[in-house]
Amino acid sequence: MLEDAKLLEDDIDGSTGQKTWGASITVDGVSYATSLFWQPLQNASDPFQEVEEASAGVLEGADLFCIKGGKAPQFGICVSQEGYKSGQNVAAVALSTALSNIGSFIAVFKTDEGWWYTCIRNDIILSDGDMLFLSEEEAKEQFMSMLAVPDWGKKIAPKEWGLEDTEELDLVEIMARGAKSRLQKIRALRGTKLFLVVAVSAVVGIWLISNLVDKLFLTPTVRPVVVPIKPKALPKAAAPVPVEPKPWEKMPDPKTVMKNCYDGIVELNRILPPGWVIGQISCTNNTVATSWNRNIGRVSWARKALEESGAKLSGYSFSGNGNSLTATKALPAPEQRNSPPQFNITDLQNEINDTFQSIGVGINLAMDTQTSPAGLVYRRLKFTLSSEYSPLTWMEMLTKYSGLEIKLINYDPHNKLWQYEGAIYVF
């Protein structure tokens with residue numbers, strides 16, 4: 001079962017033992033289900049197999065579902081024991097269709113039951129983007145954590161929060177013009193499948209009756225003849241469907257990436273062709289590259305400097321006018337490791353900000369998502385950091401966070417400034 005679909009400890013109030021979220025809201029006398037777990041839908045014409053697989057492997061005990069159509073089809077699942085009912089309207093579908101002209105938006109609506117938080121990005125309801133918080137503080141904290149993500153088409157929040165660039169909308173008016181989608185039982189037979197079951201049952205029944213009448217009244221008695229029958233070959237078992245690995249199960253070891261990048265950048269920075277000026281040096285987990293611009297030097301001087309440097313370059317090339325030179329160097333492949341996330345988005349953001357505030361260094365954080373080939377959406381916290389200190393200094397502090405992936409390290413030789421870009425996976 002996926003970790004992000006479990007009932008997390010954060011969903012239980014430690015002092016009361018009660019859930020911190022609700023299952024439904026009432027809008028203009030109509031009950032709407034909230035707090036569903038949402039997943040992309042690959043086959044919109046026959047969704048039942050995907051839904052049943054998710055109920056078995058993603059959200060344990062899920063027995064109700066609904067479908068959201070549109071440009072990005074999805075299905076939401078939930079557990080009836082948590083307070084959901086078959087036939088109940090689904091709030092996130094009504095909201096997303098009513099605001100279908102806005103591809104990305106975040107919203108919190110104050111209701112009688114609590115604070116309903118929704119987050120839709122590029123017409124996709126995020127897996128935790130449909131949540132009814134019973135605590136205003138938790139709803140506001142979740143909303144604020146997503147404000148760092150750019151390019152929202154609309155930001156909706158209660159007026160009393162007094163947040164800049166947000167607006168309060170009438171939930172009754174919005175839900176009235178949204179599409180109606182209702183919860184259904186996951187394992188009930190439906191549509192074509194039900195018709196096929198009925199049809200096959202009828203044919204089998206008619207055949208049995210006909211065969212029985214024929215044997216009892218029309219077929220003469222004959223001595224049975226025993227004929228040896230060749231045993232049928234057993235059908236081959238279907239090959240198991242491979243399970244898609246989570247992105248953090250095979251991640252490049254960040255310590256190795258940072259050490260390799262440091263060594264590669266230092267090696268290129270030592271190449272000093274006479275009359276040429278080196279530019280920014282960039283490094284990923286397998287390549288480091290840079291360029292030089294000619295000042296008063298010559299092509300032959302630069303070529304000689306590269307050859308005498310001893311650096312094992314993947315290649316280098318001069319521009320057509322001979323005024324610039326680029327070079328790349330392959331780095332050793334980093335080891336792969338399993339590094340599962342340990343924080344939710346809010347806790348990780350607070351942890352990092354507090355740590356960097358304590359040392360007086362600024363860091364930029366932003367929410368990000370990654371969609372796997374199978375269509376699963378994983379959340380992560382992106383970060384960028386500029387510092388005069390090398391990767392060897394930052395290595396221990398950054399790699400203490402499980403789920404860390406180093407995306408890029410840049411070095412500016414003129415300002416002696418390092419820049420780090422990466423992401424940390426969260427629940």
Side-chain angles (χ1 to χ4, degrees), residues 247-339 363-364 368 370 380 382-401 403-424:
W248 54 77
E249 291 182 343
K250 288 188 176 181
M251 296 182 64
D253 178 41
K255 284 188 176 181
T256 306
V257 173
M258 297 180 77
K259 179 64 168 60
N260 290 346
C261 280
Y262 174 78
D263 293 341
I265 289 174
V266 168
E267 188 171 16
L268 292 186
N269 192 42
R270 288 174 178 167
I271 303 176
L272 302 173
W276 293 74
V277 180
I278 192 171
Q280 178 174 273
I281 310 174
S282 299
C283 179
T284 62
N285 62 11
N286 53 20
T287 305
V288 60
T290 190
S291 62
W292 293 262
N293 291 319
R294 190 180 74 88
N295 189 359
I296 58 173
R298 295 167 52 184
V299 168
S300 59
W301 299 353
R303 184 186 296 115
K304 184 177 181 181
L306 293 178
E307 293 171 352
E308 293 181 349
S309 68
K312 296 181 180 180
L313 301 175
S314 304
Y316 65 88
S317 63
F318 291 91
S319 63
N321 59 13
N323 289 330
S324 65
L325 162 66
T326 60
T328 59
K329 174 181 172 60
L331 299 176
E335 296 180 356
Q336 302 291 307
R337 69 168 190 165
N338 183 15
S339 183
I363 186 169
N364 295 316
D368 184 41
Q370 176 182 338
R380 55 189 184 179
K382 290 178 60 178
F383 68 87
T384 57
L385 167 67
S386 295
S387 170
E388 59 184 359
Y389 298 109
S390 76
L392 300 184
T393 302
W394 286 109
M395 185 184 299
E396 294 302 324
M397 177 175 289
L398 291 179
T399 57
K400 73 177 183 179
Y401 299 107
L404 169 71
E405 182 177 12
I406 299 296
K407 311 291 288 184
L408 181 68
I409 297 179
N410 291 329
Y411 178 65
D412 182 351
H414 304 292
N415 297 319
K416 302 187 184 305
L417 193 65
W418 297 82
Q419 185 180 45
Y420 305 87
E421 294 183 17
I424 305 172

With a 4.5 Å heavy-atom cut-off, do [X] and [Y] have their side chains touching?
{"X": "Asn338", "Y": "Trp248", "result": "yes"}
{"X": "Leu331", "Y": "Cys283", "result": "yes"}
{"X": "Pro334", "Y": "Lys255", "result": "no"}

How long is the straight-line distance from [atom2] of [Y] back to [atom1] of [X], given to the nearest 0.5 Å?
{"X": "Gln336", "Y": "Lys250", "atom1": "CD", "atom2": "NZ", "result": "7.5 Å"}
{"X": "Glu421", "Y": "Ser386", "atom1": "CD", "atom2": "OG", "result": "9.0 Å"}
{"X": "Tyr401", "Y": "Thr399", "atom1": "OH", "atom2": "OG1", "result": "10.5 Å"}
{"X": "Glu405", "Y": "Gln370", "atom1": "CD", "atom2": "CD", "result": "7.0 Å"}
{"X": "Met258", "Y": "Glu396", "atom1": "CE", "atom2": "CD", "result": "9.5 Å"}
{"X": "Arg380", "Y": "Ile424", "atom1": "CZ", "atom2": "CD1", "result": "11.5 Å"}

Closest approach of [X] to [Y] (non-hydrogen atoms, all atoms of both residues):
{"X": "Tyr420", "Y": "Ser390", "value": "OH-C, 2.9 Å"}
{"X": "Pro274", "Y": "Trp301", "value": "O-CE3, 3.5 Å"}
{"X": "Ala302", "Y": "Leu325", "value": "CB-CD2, 4.0 Å"}
{"X": "Gly322", "Y": "Val299", "value": "O-CG2, 3.8 Å"}
{"X": "Ala305", "Y": "Pro273", "value": "CB-CA, 3.7 Å"}

Pairs meeting criterion side-chain hydrogen bond (donor to acceptor under 3.5 Å, both in side chains) with involvement of residues 268-287, two or more places apart: Ser282-Asn410, Thr284-Asn286

Listed once per pair and sorted, the side-chain hydrogen bond (donor to acceptor under 3.5 Å, both in side chains) pairs that draw on residues 310-319, sequence neighbours left out: Ser317-Thr326, Ser319-Asn321, Ser319-Ser324

Parallel, tilted or perpendicular: rings of Trp418 and Tyr411 (30°, 60°): tilted

side-chain contact (heavy atoms from CB on, under 4.5 Å) evaluation trace for Gln419 with Asp412: CA-CA 8 Å; Gln419 185 180 45; Asp412 182 351; over 6 Å; no

Full working for side-chain contact (heavy atoms from CB on, under 4.5 Å) between Leu313 and Leu268: CA-CA 9 Å; Leu313 301 175; Leu268 292 186; 3.7 Å; yes

Candidates Ile271, Ile278, Ile265 - the one meeting side chain to side chain contact (heavy atoms under 4.5 Å, CB included) with Thr290: Ile278

Pairing residues for Asn323 by the side chain to side chain donor-acceptor pair (under 3.5 Å) criterion, not counting sequence neighbours: Arg294

Heavy atoms from other residues, nucleotides or ligands near NZ of Lys416 exceed 12 (cutoff 6.0 Å): no

